[in-house]
Each structure stands twice: as C-alpha cells, then as structure tokens.
Protein chains: 4
Amino acid sequence: MEVWVKKAEQSTREKILDVALDVLIEEGGRGTTFRKIATKAQLSPGTITYHFNDLNQLLLAAFRRMVETIASAFAERLRRAQNREEAREAVADLICGDVWASSCNMLLSFELYSLAARREGYRQVLQEWMARSRDALHLHFDMKTARALDALIEGYTIHNLHNDIPVSREEILDTITAVTR
Amino acid sequence: MEVWVKKAEQSTREKILDVALDVLIEEGGRGTTFRKIATKAQLSPGTITYHFNDLNQLLLAAFRRMVETIASAFAERLRRAQNREEAREAVADLICGDVWASSCNMLLSFELYSLAARREGYRQVLQEWMARSRDALHLHFDMKTARALDALIEGYTIHNLHNDIPVSREEILDTITAVTR
Amino acid sequence: MEVWVKKAEQSTREKILDVALDVLIEEGGRGTTFRKIATKAQLSPGTITYHFNDLNQLLLAAFRRMVETIASAFAERLRRAQNREEAREAVADLICGDVWASSCNMLLSFELYSLAARREGYRQVLQEWMARSRDALHLHFDMKTARALDALIEGYTIHNLHNDIPVSREEILDTITAVTR
Amino acid sequence: MEVWVKKAEQSTREKILDVALDVLIEEGGRGTTFRKIATKAQLSPGTITYHFNDLNQLLLAAFRRMVETIASAFAERLRRAQNREEAREAVADLICGDVWASSCNMLLSFELYSLAARREGYRQVLQEWMARSRDALHLHFDMKTARALDALIEGYTIHNLHNDIPVSREEILDTITAVTR
DNA sequence: CATGAATGAGAATTCATTCAT
DNA sequence: GATGAATGAATTCTCATTCAT
C-alpha cells in the first residue's frame, strides 16, 4: 500500500518535470509558464506548487533531470567504443546522431546556458554536465584533446541545428581526426 | 528641420535598441519585458510602441543591430591578418579576447539561439550572422576548415564562459593549428 | 488642458482610495482585496496597480486620507467650543455623535490599530492621528486631562459600538466632568 | 484507552487553538491563514480541518479560549482587592501591567473587534468578554462607574500600546480616582 | 514625436478545503 | 485520529498594448 502511494507521488513529480521540459522545448524560456505546464500536464496549478515551491525550483529540477538523462547517454555511447578509432566514430555519432544532438536537447541546452549565466543553481547543473561530458571523452583521449572535442561537439551541433544544410558526417570525422592525431 | 527631426527620431530608436540589448544581457530572455526597457531608457511605454509595433519587432531589430556590430568586428579582426599564421592568431584572439567572446555577446547569442530555433525572423538574423562569420574565416581558410574553426570558436567560448577555469590560449592555438594543418 | 488631465488623474486616485476605505469598512482587513476594490471602483486591476504599486501602499494612502478627514472634523468640533463648559459638551458629542464615533470610522480605526502594531508606515499614520486628537483637546484642557479625555473617547466609543445598549450621553458627560474638574 | 485517546485529541485541539492565537498575534487578521497555523503547529492541513470544519470555527474557538483566559485573570486581579482603595490600584495595574494590557492581548482584541463588528459569532464572544469585565469592576464600583473605568482601561491601554511614551501609572491613577470619587 | 493613464489578459502563487488512505 | 496529495478558485501583481491628448 505504502509503496503504491509513494510511486504515485513520484510519478506526479516526474510527470511535471517531463512536461516542463516539453514546454521549454516548445515555447522557449520566454514562453514557459506555470500555467502552460499545468495545462499540458492536466494538473491544476495548485498541484504544481504543491510539488515545487516556485517555478525556479521546478525548472531547476527539470534541468537536473535532463542533464542526468543526456549525460548518461553521452557517456554510454563513448563507453561502448573499444579503441581510439571507435571513439572517434562515437564522437561523430554524438554530433550527427540523436543521442546528444537531437534538436530537443539543443533547445534545452540554450535555455540552460541562458539561465546558468545569471543564476547560481543553474550554473552548477551546467558545470556538472560539462564535467561529465569531458570525463566521458577522457576515457579515450587526454584531457586537452577531450576539451577540444567537447568544443567541437558543441560548435558543430549548434551550427547544424541552425543551418539548413548540416555539415556532413565525413567532414566532421575529418576534423575529429585532425584534433585527435 | 526635417533632418533634425529624423535624427532625433533615429537617436530615440537606437537608444531603445541599445537599452533592449542591455536588458537582454542583464535579465535574460525570460526577464526581458517592455516595461524594463522603457524604464531603463527613461521613456514612456507609449514611446516604445510608437517606434516598434510590438516587442517582437523590437527584439528583432535589436538582434540585427547586435549582429551587425559583432560580425563587423569579427571580420575586421580576420581581415587584419596578413597570412595563415596570423589568421590562426586572429582566431585564437576571437576565442580568448573581447572582440567576440565578451560574455555580453555570448549571453545575447544564447537568447538569439533560443529564439531562432522557434521563429523565422530570428532564424534569418542568426543565419546571416553565421554566414558572415564563415565568410570572414574563408578569407584565409578553405570552406571546410572555416566551418571547423567556426565550430571551435563557438564551442570553446561557450565552455570558457561557463567554466571557472578557462582553457588556455596556448591549448586553443594548438587545436586551431591541428585543424588548419 | 494640462489642468484637466491632472484633475482626471487625481480623481481616479482618490476614487480608488475612497473605494478602498469602503471595502475595508464592509469586509474588514481579512476581506479587503485588490479585486474587490477594483470591482467596486469599476476599474480594471491594472488601473489600481498603475496608481499604487501594491496593496500596502494603497491601504497606507487610504488610511492617511481617512485620518486627515477625521482629525480635521474632530479638531473643528473642539475649536467651535468657546469655553470649558462647551468643550465638555463637544467631547460628549464626539463620543455620542457622528463626527468621530460613526461606526464606519470605528471600524477603520480597528484595522489601522491592527496594522499599526505590526508595520511602521501604519504606525506613523496612527501616531499622527493620536497626536492631532490630543492637540485638539489641549486647546481647552491641560495635557494630562487631554490624555484622560482621549482615553475616555476611545474607550466609550468602542464599547458603545459593540454593545446593544449604548451608554447614555448624560452618564458620559458626568464622567467627562469628573475628569475635567 | 478511551481516556487516553480523548486526551490526545483534546491536546491537539488545544495546540491548534494556541498556535492560531500565536499566528493572529504575529501576522494580524490579514495574514492569518490555515496554512500558517498548520505549519507552525507542525500538523498537516487535513488535521486542522479534522478538528475544525473551517477557519471561521477555528478562529471563533481560539478567541473564546483567549477571552476565557484574559477575563479570568482580569476578574482575579480585582477580586484580590479588599477595599475601594485597593480596587483603584488594581485597575491601575490592569492598565499598566501585564495582566490585561500585554501587547499580545491588545493585538488579539483588535482582531476580535474587527471581526465582532461584522459577524455574529464573534460579536457574542466580545460581548461576553465586556460583560465579564464590567461585572468584575462592579464588585467594587457601581455600574456607572464600572462602565467609565472600563472605558478608561480600554482607551489608556490602546494609546499606551501605540505611543512611544506611555502615560505614567501616577497620572492614570489620578484619573481613576477622579472617576471613582 | 512623445506621453502616460488605462486596460484586461495572464503571470506566479496562496488559499481553504476535500478525500482516499 | 491523522495524514498529505490534490484541487481549483482566488490572490496579488505584471504584462504588452492602446489611445486620447
């Protein structure tokens, strides 16, 4: 009985977080409101504030959840690589594929960047995220190379998102190779 | 007389745009409102809507103004380079120095990324910006290398902004060299 | 032209203040809300906050207005008294009549007492009020007697308000006489 | 067993009432809410409504409790007086001391006055309180004098609460003497 | 050109209260 | 008896925008 109650409680909280990320993706930071989250989650506004004291805490928790998901997938993809060559392929996948560079994740990251530059809580979440990415790259490359690859991943994915013609995987792999030689 | 009137109008317009960018930097996209712009510009709300029909048009014009300023400085720095070696130094400067990577510009770019992903007008502004950056790099490097350098600039500056310890200029120059060999 | 505009503006402000006092009288402190004031004044909520930054400032201004009105009437009644005997009659009138002891004023004073005990702004308003009352009594009586009469006015009016059978004017005049002998 | 259960219930009920009075004192009528009471009492909101159907009944019960306490202390102080002279001293004590005129009691009385003027239930509580006060004074003084003293107690304590410099006990005793001669 | 009073929709949040457990 | 998740109405206040002057 108690277990059921706890599960129900958790699922409401998590539902709210998931919906919050959805709204952030759809509406952007400027358009993300308590109301829209409540409506989309089919919950009353009171239920949202019951679980999160204010919108800030809600967004913070949502971003933490997002980072956890993305960073895990990111690390997982790199962990599957058996050698340096496969690691290069993994990085290319991260840039071109859906693991990291899904437009959803990109959109969320822009919002997080915006918030992280102005508020401590978000900054911590972002720093943890970046640290986990570098650490995952560090499985296969020295720290300096990891930082360079991380920059490339960041830059290529952003530019690919905003350009109609994305840079080809082949071209990206060439750059990766140049940096990891 | 007409000239004087036009100048006065223009100066109010530009003041509004500058203040709008200030507010965007200070408050982020979520916190940027008509009111704050009006207050900070010491203008009545009516004056703002007199010059810009709505907040969207105002922000769009402000971003256009920002892009013009930044892209010019970016191109100028690269134009000063006399050879490939100096061009590499110029790229390092763009990443480490104040021309592009001032935190203000970064903050504005995050907001623009967020908006560009969802609305056509902003998307055009951003694409023009990216095109101008690549073209400036293309003065010294082939298009493929220009894209790679652009990605590096993007990625390194973002990570430097959000990390307490920025990547050293030396390390960055090494990566630039590797990509441009 | 300008004069007309200023008058219009002032009349809205004053209308709001008057309505706020009405709502305070009808609903008491617990029931006085922005909304009720706006509805009763037939103004949109935005108009209220346009004139008063928040409910606190509005209530403060309303109480200031009330104190000004009541204290003036109080002093005026005492000023009309030509001698000690007439002054005693005036005090009796203040307790029994409508000048001061209208139930409306009493109700407002309770709310002010409640707020004054907890917030500085209201406390100042109340202290000024009490000072003006004592000063008005001091026109005819020494300060010590003025304080005693002031206490009597306060106490008798409160008890009369809350009791079904009010104390008679004659009995009150006897007490006044006892205190002013 | 049943006894134990009943005792536990009662103690929760009384705890709620005490906390409600605390909140009323701290926050005033406008700021007294179900939630604050529940939080301060470390009880869940459901527990409060279990004991009191609604906030009104809770406040009413709380005021009844308060009146019982204060009126008993008031009467007790007067009952200790052996003669008219001691009774005058007792009244002075009630005005200057802690028995009645503690600022807490005053604060609660303002809230009760506010509520009593608008709602029947509270009005009854207040009238009973005033009757008990007058009856206690009537032990030593005729009814007319009791009413005058009661007004003096009311007025002096209110004014002392709100003024930085309270009226001296000596001065108050003089007024009491004048009224009771 | 510029103003600022006015607006009403919508923002975040709080509220008393319910009810299944 | 007690809990606490959930509710939705109501709260204060902000918002972009309008318009008469």
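Below, each value reflects all heavy atoms present in this structure, side chains not excepted, and no hydrogens, waters or symmetry copies. Throughout, protein chains are lettered first and strands after them, A, B, ... in sequence-line order, and every chain is numbered starting at 1.
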From the options [options], select the nucleotide whose nearest atom is closest to the side chain of [X].
| X | options | result |
| --- | --- | --- |
| T49(C) | dA16(E), dT14(F), dA2(F) | dT14(F) |
| S44(B) | dT13(E), dT3(E), dT17(E) | dT3(E) |
| T47(D) | dA2(E), dT17(F), dT3(F) | dT3(F) |
| T33(A) | dA11(E), dA16(F), dC13(F) | dA11(E) |

So do the side chains of L17(C) and F52(C) get within less than 4.5 Å of each other, counting heavy atoms only?
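The answer is yes; the side chains approach within 4.5 Å.
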Could you tell me whether the side chain of Q42(B) reaches within less than 4.5 Å of the side chain of T47(B), counting heavy atoms only?
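T47(B) vs Q42(B): side chains apart.
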Most 5' of N56(A) and T32(D) on DNA chain E, judged by nearest nucleotide
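The residue mapped nearer the 5' terminus is N56(A).
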If you compare all heavy atoms of V19(C) against all heavy atoms of I37(C), which two are closest, and at what distance to 0.1 Å?
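Looking at all heavy atoms of both residues, the closest pair is CG1-O, 3.5 Å.
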Among R35(A), K40(A), K36(A), exactly one meets salt bridge (Lys or Arg N to Asp or Glu O under 4.0 Å) together with E27(A). Which residue is that?
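So, applying the salt bridge (Lys or Arg N to Asp or Glu O under 4.0 Å) to E27(A) and each of R35(A), K40(A), K36(A), only K36(A) qualifies.
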Distance alone, cut at 3.5 Å: any donor-acceptor contact between the side chains of R118(D) and S114(D)?
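Their side chains do contain a donor-acceptor pair, which is all the 3.5 Å distance test asks for.
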Give the rounded distance in Å between these two atoms: [atom1] of [X] and [atom2] of [N].
| X | N | atom1 | atom2 | value |
| --- | --- | --- | --- | --- |
| F52(D) | dA2(F) | CZ | P | 11 Å |
| I48(A) | dG8(F) | CD1 | P | 12 Å |
| E27(D) | dC15(E) | CD | C1' | 14 Å |
| L55(B) | dT18(F) | CG | P | 12 Å |
| H51(B) | dC1(E) | NE2 | P | 7 Å |
| I16(B) | dC1(E) | CD1 | C1' | 11 Å |
| K15(B) | dC1(E) | NZ | P | 16 Å |

Would you call the rings of F110(B) and H162(B) parallel, tilted or perpendicular, where under 30° means parallel and over 60° means perpendicular?
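Rings of F110(B) and H162(B): parallel, as their planes differ by under 30°.
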Taking only residues two or more places apart in sequence or in another chain, which ones pass side chain to side chain contact (heavy atoms under 4.5 Å, CB included) with F34(C)?
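Here the qualifying residues are I48(C), T49(C), L55(C).
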If you look at every strand shown and take non-hydrogen atoms under 4.0 Å, does L43(B) touch a base, only sugar-phosphate, or nothing?
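Sugar-phosphate contact only.
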Phosphate-side-chain proximity, T12(D) and dA2(F), N/O vs OP1/OP2 below 4.0 Å
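So the side-chain polar atoms of T12(D) do come within 4.0 Å of the phosphate oxygens OP1 or OP2 of dA2(F), strictly under.
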Under 4.0 Å: is that the gap between some side-chain N or O of R35(A) and OP1 or OP2 of dG10(E)?
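Result: no.
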Please figure out whether G46(B) or G46(A) has its closest DNA chain F nucleotide nearer the 5' end.
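Taking each residue's closest nucleotide, the earlier one in sequence belongs to G46(A).
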5'-most contact on DNA chain F: D54(B) or F34(C), nearest heavy atom basis?
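Nearest-nucleotide comparison on DNA chain F picks F34(C).
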Give the stems involving DNA chain F, where a stem is 3 or more consecutive Watson-Crick or G-U wobble pairs (i with j, i+1 with j-1, and so on) under 3.5 Å.
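So far as stems of 3 or more pairs are concerned, DNA chain F shows E:2-21 with F:2-21.
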